[in-house]
Structures are given as C-alpha cells and as structure tokens.
Amino acid sequence: MEKSALKEEILRLKKEKNAVILAHYYQIDDIQEIADIRGDSLALAIEASKIDCDIIVFCGVRFMAETAKVVSPNKKVLLPVENAGCPLADMATKDAVLKRKEELGDVAVVSYVNTNVDVKTVSDYCCTSANAVNVVRQIKEKRVLFVPDRNLGEYVREQVKEKEVYLWDGFCPTHEEFSLDALMRAKREHPSAKVAVHPESPKAIRDTADFIGSTSGIISYVEKTDADEFIIGTEEGILFELKKRSPAKRFYIIGGSSVCSNMKKIALEDLYNSLKLENYEIILDDETIQKAKEPIQKMMQIKRN
Ligand code: 13P
C-alpha cells in the first residue's frame with residue numbers, strides 16, 4: 001500500500017475501533033506524525049491512565065506498553081512489534097533486585113520506568129528521567145537502591161546529596177555510546193551551540209552539558225533558550241519534535257547520529273496491522289497489575305521537575 005493510503009487506513013481503523021495512538025519521541029517520523037499523542041515516558045504513562053478509548057496502540061517499547069496496561073487495565077493495549085524491547089530494562093531481573101535489596105538491608109527500591117513489569121512489582125517507587133531527582137528527594141526513605149540505569153542513578157545521587165543512593169550496573173547502549181571526543185568536536189565546530197543531553201548519558205557528557213533533562217525537558221529547554229544552534233545528546237527521533245517546535249534552530253546529534261534500534265522497529269505497516277489484527281496485546285495477570293501499579297501511582301503523585 002502507498003504511504004498515504006496506509007495513513008488513511010490507519011486513521012479509519014483507529015476511528016472504527018475507538019483506539020488512541022501514543023508515540024514516544026524516539027519513534028520514526030511517520031509514526032510520530034500520525035500519533036494522537038507524542039511524549040516522553042512520564043507524559044505517555046499519565047495520558048494512558050486518563051484517555052477515554054477501548055484500545056491503546058503504544059508505539060514505543062515493551063516496558064512502556066506494559067506501564068500503559070498497568071495504569072489502564074480495562075483497556076486493550078497493543079504493541080505493534082512484539083519484540084520491541086529495551087536492553088536497559090533487561091539488565092535488571094526481579095530476582096537480582098530482591099537479592100541486592102536483601103544484601104543492602106533497609107533500602108527503598110526506586111526503579112526507573114525502563115524496567116520490565118516484574119521488577120516494578122518488587123519496587124517501592126517508580127520514576128522516569130523527568131522526575132527521578134524529585135522522586136528520590138521527596139520520598140521519606142534515606143537509603144535508595146536505584147535500578148537499573150547507573151548514569152541516571154549517578155545523576156540523581158549528585159543532585160540529591162542528602163540521600164544514600166546505591167547504583168545498579170545497567171545502562172542504555174544508545175546513550176552510553178556518546179563520547180566526550182565527539183562532543184568536544186561538535187563544540188569546536190559549533191562554538192555558539194548550547195549542549196542539551198539526556199541523563200542516561202555518561203558523566204563526562206553530562207558534565208559538559210548546558211542542560212540535562214528528559215526528552216520533553218530537552219524539547220522545552222530548546223524552545224525557550226535564546227540560541228540558534230544546539231548539540232543534542234539523545235536518540236535522534238527527538239529531532240522531529242525539536243524541528244516542529246523550533247523550525248529556525250539548528251540541531252547536531254553528538255557523533256552525528258544516535259539510533260535506538262528497538263524504538264525504530266515500528267513501521268507504518270506494523271501500526272496498520274496492529275490496529276487491523278489487534279496485536280500484539282499486552283497480557284498481564286491481576287496480581288502483577290496490582291503490585292506494579294503501586295510504585296507507578298506513587299510516582300504519578302509526585303510533581304515533575
Ligand atoms: P524519556 O522519559 O526522557 O522520554 O526517556 C525515555 C527513554 O527510554 C530514554 O532512553
């Protein structure tokens with residue numbers, strides 16, 4: 001099918017089935033363009049909990065669709081590509097988290113939303129990159145096991161000095177690839193550019209940045225900052241929203257390009273098939289939903305920074 005016909009069919013099916021399409025900022029442009037709502041992990045989780053529809057088609061990776069199912073258990077939640085996963089999420093298992101928690105004794109487990117749902121069932125609080133600092137700062141516990149991203153965890157530890165934050169040895173392969181050499185080269189080539197990076201980036205990158213924040217944080221920083229050029233340290237799907245909101249500004253991804261292959265798995269055809277065949281449905285048992293809901297709800301009650 002031609003792209004325009006495919007888009008028309010997606011819109012028709014969406015209406016017929018009373019479905020809503022959510023897309024993360026790392027999705028391909030065609031998907032972001034056709035989505036009802038684009039956003040960062042936190043915004044999409046909040047939207048999923050309050051939209052009125054029968055079906056949520058989640059264009060993102062599995063942990064995001066699982067989170068949508070947990071907060072909207074009565075809706076059918078679809079992930080258009082079954083194996084769109086997250087290597088960072090796979091770096092922490094429920095058993096390993098329980099073991100580490102036992103070793104550390106009295107700690108609160110704060111798990112990044114980039115975890116598989118069974119890890120959330122043994123977490124005390126959930127967080128996203130948009131609210132991680134606030135969540136750790138505002139909870140009553142003084143000792144925290146932060147799972148699974150060591151870079152975001154280290155950033156939180158730097159910001160919340162009054163708490164004892166234990167790190168997990170996980171990382172996002174896409175952000176971990178950013179090198180200081182590549183960033184310094186970009187700064188030499190674009191000396192007046194501001195540097196905005198995601199907190200999943202390594203410390204040397206964060207320490208060289210003018211701004212550190214979630215994908216939506218980066219988007220609003222760019223929008224309100226009086227500069228013509230920006231060096232960006234996150235997955236390049238974000239360029240869609242950056243260019244849309246700030247068309248006169250210029251953007252350079254550290255190292256020239258940064259791609260999360262999982263986020264790029266969903267093509268328009270997959271979205272069409274997902275709506276047509278209603279696959280791939282996220283199925284979670286009631287106990288998992290109930291247990292995973294608690295840390296997610298606690299997160300949603302904390303204001304974003
Ligand atoms: P955001 O919450 O900033 O959108 O990040 C999502 C993510 O998976 C980063 O790798």
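Whatever order the structure lists them in is the order used to number ligands and atoms, beginning at 1.
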[X] bridged to [Y] by N-O distance under 4.0 Å:
| X | Y | result |
| --- | --- | --- |
| Glu278 | Lys76 | yes |
| Glu241 | Arg38 | yes |
| Glu8 | Arg12 | no |
| Glu9 | Lys276 | no |

message = Can you check which of His198, His175, Met64 brings a heavy atom nearest to atom 5 (O) of ligand 1?
response =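 Ranked by closest heavy atom to atom 5 (O) of ligand 1, first place is His198.
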
What atoms in ligand 1 come closer than 4.0 Å to a heavy atom of [X]?
| X | value |
| --- | --- |
| Tyr26 | 7 (C), 9 (C), 10 (O) |
| Asp40 | 1 (P), 2 (O), 4 (O) |
| Ser214 | 3 (O) |

Any heavy atom of [X] closer to ligand 1 than 4.0 angstrom?
| X | answer |
| --- | --- |
| Leu42 | no |
| His24 | yes |
| Ala130 | no |
| Met263 | no |

request  = With Lys194 as the cation and Phe230 as the aromatic partner, state whether NZ or CZ is under 6.0 Å from the six-membered ring centre and within 45° of the axis.
outcome  = no

Location of contacts on [X] toward ligand 1, heavy atoms closer than 4.0 Å:
| X | answer |
| --- | --- |
| Asn114 | side chain |
| Glu200 | side chain |
| Tyr25 | neither |

task = Say whether Thr128 and Ser41, considering side chains only, have a donor N or O and an acceptor N or O under 3.5 Å apart.
result =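 No, Ser41 and Thr128 have no side-chain donor paired with an acceptor closer than 3.5 Å.
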
inquiry  = Under 3.5 Å, is there a donor on one side chain and an acceptor on the other for Ser129 and Glu200?
reply    = no

query = Any idea which protein heavy atom is nearest atom 2 (O) of ligand 1, and the distance to it?
reply = Ser41 OG, 2.7 Å

query = Among the clusters formed by ILVMFWY side chains lying less than 4.5 Å apart, do Val110 and Val133 turn up in the same one?
reply =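 Yes, because Val110 and Val133 connect within a single hydrophobic cluster, where side-chain heavy atoms sit under 4.5 Å apart.
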
inquiry  = Can you tell me which residue among Thr115, Asn114, Asn151, Leu152 is in a side-chain contact (heavy atoms from CB on, under 4.5 Å) with Leu88?
reply    = Asn114

query = Would you say Thr215 and ligand 1 have an N/O pair spaced under 3.5 Å apart?
reply =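 It does: an N or O of Thr215 is found under 3.5 Å from an N or O of ligand 1.
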
ask   = So is there a nitrogen or oxygen of Ser129 less than 3.5 Å from a nitrogen or oxygen in ligand 1?
value =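 Between Ser129 and ligand 1 (N or O atoms, distance only) the closest approach is under 3.5 Å.
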
